[in-house]
Every structure is written in structure tokens, then in C-alpha cells.
Number of protein chains: 2
Amino acid sequence: MTMSLSAELWPDVQPETARRLMLAGVESFARRGYHATTTRDIASAAGMSPAALYVHFPSKAALLFAISKYGHEQTLSLVESVVARETDPVERIRLLVEDFVAWHARRHTVARVVQYELQALPDEEFEIVAKLRRRIEQVVREVITEGAQAGVFTVGDPHTAARAVLSLGVDVSRWYSERARQTPKKLGQEYSELVLRMLGTKLS
Amino acid sequence: MTMSLSAELWPDVQPETARRLMLAGVESFARRGYHATTTRDIASAAGMSPAALYVHFPSKAALLFAISKYGHEQTLSLVESVVARETDPVERIRLLVEDFVAWHARRHTVARVVQYELQALPDEEFEIVAKLRRRIEQVVREVITEGAQAGVFTVGDPHTAARAVLSLGVDVSRWYSERARQTPKKLGQEYSELVLRMLGTKLS
């Protein structure tokens, strides 16, 4: 990973030193897990002293929270932006799955930390992230419910369907690597076809 | 978790002390991750001395391998047993998804270790487990391919479809808890309906 990657991952985070620490955090947490990683490991992976880390993040938990919060905000914004620019439920689901899946493939290392280290967050920070997660699920559930009411989707329980749609995307971060058969974009397209069928859409 | 749970989880493992250590390993790895857990932590969670642990498992990695191997063997056997007793592709997928999903819900703590600590396995042990994983995926892919050839499934790439089917099951272990809306069995049934639709089956 290069320096420019950190700017690409977290365009809103300043200064660059904070982004560099987040990147070192992602790599360390993904490799050995949150609990086995020390702030010293992270600082040293970022080429800094532990004291320099504390200037930006008061604790290891604060660094995990930053990574987790930005990751959830990015996926929420991706989902909300599709809903804002499309009105047709089928197109909404298609684009939403394409983008959500592609994000989890392209950003698989970040996504693994975002998705699998939640329980390491302190209570208050966990609650903030849980709220973002509930919002993401709610948006997807509403699109499915609207589509079902409009007669373009056939689903039993929209809760279960929304959970399954997001599950498919989340799990991509577990298995995806640069050696995967498809590019993130292509995988997103294939998964959106599968999801539309799963929701009972008659595909042309 | 109780003592009888360890016998339920690993009926083929003897003696009971080994099972007790595996259970303590599962709980410790699930709570803090593999790398942050010491053999001393595990032994003490099992009410034993570290020396007593080494009688059964020469290393922490050997314990993880035992947990991982049994978990994969159980899910492979579950998948193979459905294929052995059913011939209809639709019924095969229905039962296979029901059982695979229910296992990941009912055994969610074990399944988390089995699914998310793979990269902590030493190379040789990893290869053994990877072979079991490839076999599971192959069985599912073959059922899908046969169904597609018989005209009861409509799928683009059977690789992608098999991956997605298993992904839905695996990800259940990430989010499922005793507070979930459905029992493992009910969730398995709902997911099998979603999967059959995803594979383009005309459901009555």
C-alpha cells in the first residue's frame, strides 16, 4: 500500500499523518487482530513513535473507531446516494448491490477490519457505529419493501431479504483477494443479477 | 457453555479433556482473536495447567487446527449427506442450504473461529483445511451445474453462484446471536427459499 492509497481511502481525513496511522492500523489489525496489536506496532508500521500516534489518536480504540466510523459512513453514503439518484426499485437494488459489493471487494482489507472488529469497540463508540449499520439496513429494507408494494419484488420477510443482500456484500471482504476471478466491478454486476433474482424480479 | 456442549460439538473427539480444551479455545479465540490468546489463557479457561494442555495439543496452532478441521469436516459431511440422500437438484439445494445455514447459526461461535481464523493456520494445516473448503464448494457447484443442465436452475457462472450460496451461510455466523429474530432452523428455511429464487427456480 502506498501513501496515495491513504488519501484515496480517507479523502476527508487530515492531516496526512493521521491517514498514515489509519492505514498502518488497518494493516496491523487485519494481519493479527485488534487485541494482539499494540499502539507501538502501529506507530512503527507507520514509521512513527508511539508518542506521535497519541497526538492524533488518544488510544488504540480511538484509531479502530476512526477506521470503523469512516468505513460505515462511506458505505452508508454509497447506499444513500443510489437512492437519491434513482427512483426505480429494481435499478436502486441493482446499483446499490453493484456499489456495495464492489466496495467490499476493492477495499477488502479495510472492510475486514470494519466488519469483523466491531465487538472490540468501546460501548459508546460501538453504539455510534451500530446506528450507522441500522441506517444502512433500513435503507435497503425500505427499497425492498417499496419494490414489493409496487409488485416488482416478491419477498417473504423484507428484514430477512435485506439482511441477506447485505450479507452477500459483507462476506465478499472475507474471501476476496487480488487473485479473485473477477474485478470488483464485474463481481458487483454478477451479484446484483443474483440479488435481483433472489428478490423475485422478472429479469429480461 | 456446559460440558455436555463439548460432547455435542465434537462427538468424535476423545478424551473429554481434549474437548474441554477445544471449547475453551473456541471461546478464547472468538473473544480476543487467535493471536491475542495464549495457551495459558486457554488452559486456565478450561481449568487446567498449561502442561495439561500440551498433553493433548502440542501448540496453540494445533488446537486451532483441530477446531478448524472438525468444523470443516462437519459442514462437508452435512453437504455430502444431503447429496447422498436426495437426487432432485432443487431438493438438494433446499436441504443443503437449510442445514448449512442452520449449522452456522446454531454453532455461531465455533463457526466464527472456523471461518475467520483460517489465515492463522500454519501452511501445512492451512492446506488440509483449504482442501476441505474446495471440496465443499465443489459439491455445491456440481449440484448447481446439474440443476442448470436439467433446466431447473438458471445461472450465469456456477462458480459465482456457488460462492454466493456458501457466502450467505458463512456470514450468518458473523451476525447471528441468541437474540436473532429466527431460530436456526427457521432461518435456514427462509434462506433456502431466497437461494432457490436466486438460482432461478420457479417456486410453486
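All heavy atoms count here, side chains included; hydrogens, waters and symmetry mates do not. Letters A, B, ... mirror the listed sequences (proteins, then strands); counts begin at 1.
- For B/Tyr191, the part sitting under 4.5 Å from any heavy atom of chain A is the side chain, from C-beta outward, and nothing else.
- Other residues, nucleotides and ligands place more than 12 heavy atoms under 6.0 Å from the CD atom of B/Glu127.
- In the displayed structure, B/Arg40 atom CZ is contacted under 6.0 Å by at most 12 heavy atoms of other residues, nucleotides or ligands.
- Proximity to chain B is absent for every atom of A/Ala180, based on heavy atoms less than 4.5 angstrom apart.
- Of the two parts of A/Leu118, neither the backbone nor the side chain holds a non-hydrogen atom closer than 4.5 Å to a non-hydrogen atom of chain B.
- For the side chain to side chain contact (heavy atoms under 4.5 Å, CB included) test, no residue two or more places apart in sequence or in another chain qualifies with A/Ser77.
- Of the listed residues (A/Glu190, A/Arg181, A/Arg112), the one with the most heavy-atom contacts under 4.5 Å to chain B is A/Arg181.
- Neither the backbone nor the side chain of B/Glu117 has a heavy atom closer than 4.5 Å to any heavy atom of chain A.
- Near-neighbour residues of residues 152-179 of chain A relative to chain B, defined by a heavy atom under 4.5 Å from a heavy atom of that chain, comprise A/Thr154, A/Asp157, A/His159, A/Thr160, A/Ala161, A/Arg163, A/Ala164, A/Ser167, A/Leu168, A/Val170, A/Asp171, A/Arg174, A/Trp175.
- Contacts of A/Thr17 classified as side chain to side chain contact (heavy atoms under 4.5 Å, CB included), with partners at least two apart in sequence or in another chain: A/Pro15, A/Met48, A/His56.
- In this structure, A/Arg197 CZ and B/Leu196 CG are separated by 13.0 Å, a value rounded to the nearest 0.5 Å.
- The side chain to side chain contact (heavy atoms under 4.5 Å, CB included) check on A/Thr37 picks up A/Ser28, A/Phe29, A/Arg32, A/Asp41, A/Ile42, with sequence neighbours excluded.
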